[in-house]
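Remarks on the structure that follows.
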Amino acid sequence: MRLLTGAVVAGMLSASTLSAAWTATGTANEYTDGYWTITRSGNTLSKVVAGGEVAADLDLTTFEADTGVKINRVGGEVCTSPLIASFTGPDVVHLDTKAFYKNTGITNLVLSSEWHQAWSYSEQFLNGCTNLENLEPKVIKWTTWSGPNLICNCPKLTIDVEFPLIEKICGFRGVFAGAGFTSVSMPLYLGGICSRDEMFMNCKSLTRIDLPKAGTVEREFAKGCSSLEEVYMPSCTNFGYTGTFDGCSKLRKITIGKTLNKLPSSFLNGCTSLVSIEPFLPEGITDSGYDSGHFSWCGQGFQNCSSLEQPLVIKAPKLGKLEYKLFSNCAKISDITLDLPALTNIGIQVFGQIAAGAQIKWLSPNAPETIDASAFYPRDGANPTVILLRSREAATAWRKHCTRVRVPQAGETALTANDLALASYPGDRTIGLIDVSWGSKAWIVRDWVDGTVILMR
């Protein structure tokens with residue numbers, strides 16, 4: 001044991017009198033190293049008492065050699081004193097609930113290299129250790145674990161951490177929320193219903209998440225991770241119903257599954273540095289609502305992804321709605337392909353203020369039942385979004401949204417002067433002029449096969 005900080009106060013032992021050897025005090029199961037007095041219950045550390053008011057190391061490295069007893073477990077709320085500046089337990093493989101809860105003095109924690117949480121449940125064992133800077137081991141051998149807030153609100157714990165064996169974390173929220181991890185790797189993690197809410201929320205130092213086998217993550221999974229740059233989750237097809245990566249302003253690349261069953265609201269909202277989503281978007285989006293009567297999965301999903309300029313392809317045979325501001329203010333998205341035969345609604349500013357003059361290729365033979373007046377709100381009123389229709393059937397379906405329709409006369413190949421007075425966009429033939437009350441030059445529909453044009457005012 002060695003003193004780290006502070007001064008020896010009146011009545012306390014001086015540093016020169018402190019012994020590093022652990023000896024029995026004479027009270028059953030009680031031991032001292034000259035400063036710390038500890039009590040064990042079996043192999044569990046059950047009580048810790050400091051010999052003064054100086055912050056010091058609590059070091060069990062020689063405990064077994066000195067006493068013949070191994071300490072492999074730290075009991076609940078046993079090591080919460082801020083006088084524990086460093087804890088070394090080379091045989092400790094399990095931390096009970098709140099073992100170091102809100103210990104604001106500890107800066108260094110060393111456990112067994114085989115730390116695997118040997119018993120069934122624990123929670124908050126490293127919650128609120130706001131000055132913790134180092135944790136050993138950094139390769140943590142948990143397999144399946146239950147409990148919330150395990151290593152969270154430790155903002156100075158800026159380490160790369162790996163969980164090579166863990167498959168599920170069962171229970172509750174905020175497992176690593178607010179931890180200072182810089183990168184996290186879980187090569188076997190499967191996710192599922194056991195991957196709870198807010199798993200990495202507000203991990204401000206986290207730069208990379210590597211979960212190659214995770215199939216499902218829950219809501220606000222990495223919300224507010226303001227340093228996060230890359231996410232690798234190529235098997236993930238289900239995301240919780242809101243805010244998965246909301247506010248990850250430095251996120252540049254994300255890899256997700258090839259199919260996507262759930263598209264949450266605010267999925268990548270505010271990811272202003274995002275330039276690559278692989279794939280973008282997956283095939284197989286089947287659900288645009290959380291459940292009956294609940295809000296949309298899609299609302300604001302990609303809002304404010306202002307650096308994203310990949311070609312966007314959405315092929316989803318069962319998707320019924322594109323909801324509120326889904327791609328709003330994606331200022332560089334200009335090439336969009338939609339194959340949505342079941343789509344019934346395009347909501348408020350779904351494609352509002354995307355790139356000026358963006359082209360949307362509509363592959364389906366249908367048209368949505370309802371289109372909000374601001375669905376294609378233009379970034380530049382003089383250069384509105386163009387919707388390209390693939391077939392005459394599609395053109396007929398879209399005509400129902402026209403409030404004024406003029407069928408071209410035989411041999412007519414250009415807009416008339418009267419047409420041009422209502423709409424200045426040139427075209428080959430007019431099948432409809434669409435008047436919308438909220439503003440001018442909202443959007444244009446054109447058949448890219450033969451040049452048919454629908455002009456919306």
Side-chain angles (χ1 to χ4, degrees), residues 107-109 124-140 142 145 147-166 168-169 172-191 194-214 216-236 239-240 242-256 264 266-278 304-305 307:
T107 61
N108 182 55
L109 177 63
Q124 302 193 71
F125 43 68
L126 289 177
N127 183 6
C129 298
T130 53
N131 287 301
L132 184 63
E133 297 177 354
N134 184 55
L135 172 65
E136 301 290 347
K138 295 178 176 63
V139 177
I140 299 172
W142 302 353
W145 192 244
N149 304 122
L150 303 181
I151 305 175
C152 69
N153 299 316
C154 302
K156 295 183 180 180
L157 189 59
T158 52
I159 61 172
D160 297 330
V161 64
E162 182 178 355
F163 297 84
L165 303 178
I166 198 162
K168 291 185 179 180
I169 297 174
F172 314 101
R173 62 177 57 189
V175 176
F176 304 112
F181 299 156
T182 50
S183 70
V184 176
S185 176
M186 296 182 179
L188 300 182
Y189 182 68
L190 300 175
C194 295
S195 60
R196 301 303 294 183
D197 303 344
E198 304 167 6
M199 188 170 181
F200 295 105
M201 189 172 77
N202 292 327
C203 290
K204 299 296 186 182
S205 299
L206 188 62
T207 61
R208 179 179 172 88
I209 297 175
D210 190 350
L211 305 178
K213 293 190 176 182
T216 297
V217 296
E218 297 298 332
R219 68 176 182 179
E220 299 179 339
F221 171 73
K223 180 179 180 180
C225 293
S226 54
S227 297
L228 187 63
E229 297 177 359
E230 186 170 355
V231 173
Y232 183 69
M233 303 173 66
S235 302
C236 199
F239 295 87
T242 186
T244 313
F245 299 101
D246 190 0
C248 296
S249 57
K250 292 185 179 179
L251 182 62
R252 292 182 55 80
K253 181 178 181 180
I254 178 171
T255 302
I256 57 179
S266 300
F267 177 44
L268 289 162
N269 181 30
C271 295
T272 54
S273 299
L274 189 66
V275 296
S276 178
I277 303 175
E278 298 296 340
N304 297 320
C305 290
S307 298

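Looking at Leu274 and Ser307, their side chains never come closer than 4.5 Å, going by heavy atoms from C-beta outward. Within the 4.5 Å cutoff, the side chain of Phe200 has no heavy atoms near those of the Leu228 side chain. Between Leu268 and Ile277, the closest side-chain pair of non-hydrogen atoms falls below 4.5 Å. You'll find the side chain of Asn304 reaches within 4.5 Å of the side chain of Asn269, heavy atoms only. The closest side-chain heavy-atom distance from Leu126 to Leu109 is below 4.5 Å.
The shortest non-hydrogen separation linking Pro164 to Ile140 is CD-O, 3.4 Å. The two atoms that bring Gly224 and Lys204 nearest to each other are O-NZ, 3.1 Å, heavy atoms only. When all heavy atoms of Val175 and Cys152 are compared, the pair lying nearest together is O-CB, 4.1 Å. Closest of all the heavy-atom pairs between Met186 and Pro212 is O-CD, 3.7 Å. Of all heavy-atom pairs spanning Leu188 and Lys213, the tightest one is CD2-NZ, 3.9 Å.
A distance of 5.5 Å separates CZ in Phe125 from CD1 in Ile151, rounded to the nearest 0.5 Å. For the atom pair SG of Cys248 and CZ of Phe221, the computed distance is 10.0 Å after rounding to the nearest 0.5 Å. Note that OG1 of Thr107 is 6.0 Å distant from CD of Glu133, once rounded to the nearest 0.5 Å. Summarising the geometry, atom NZ belonging to Lys250 is positioned 8.5 Å from atom OG belonging to Ser273; distances are rounded to the nearest 0.5 Å. The structure places CG of Asp246 at 5.0 Å from NZ of Lys223, a figure rounded to the nearest 0.5 Å. Expressed to the nearest 0.5 Å, how far SG of Cys203 lies from CD1 of Ile209 amounts to 7.5 Å.
Scored by the side chain to side chain contact (heavy atoms under 4.5 Å, CB included) test, Ser276 finds Lys253, Glu278, Gln310 as partners (sequence neighbours excluded). Under the rule for a side chain to side chain contact (heavy atoms under 4.5 Å, CB included), the partners of Thr182 that lie at least two apart in sequence or sit in another chain are Thr158, Asp160, Ser205.
Under the side-chain contact (heavy atoms from CB on, under 4.5 Å) test applied with Val231, the options Leu211, Ile254, Asp210, Thr244 reduce to a single match, Ile254.
Between Phe176 and Trp142, the angle of the ring planes stays under 30°, which puts this pair in the parallel group of the 30/60° scheme.
Note on Glu230 versus Arg208: salt bridge recorded, some NZ/NE/NH1/NH2 to OD/OE distance being below 4.0 Å.
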Intermediate values then yes/no, side chain to side chain contact (heavy atoms under 4.5 Å, CB included), Val161 and Leu135:
CA-CA 9 Å; Val161 64; Leu135 172 65; 5.8 Å; no
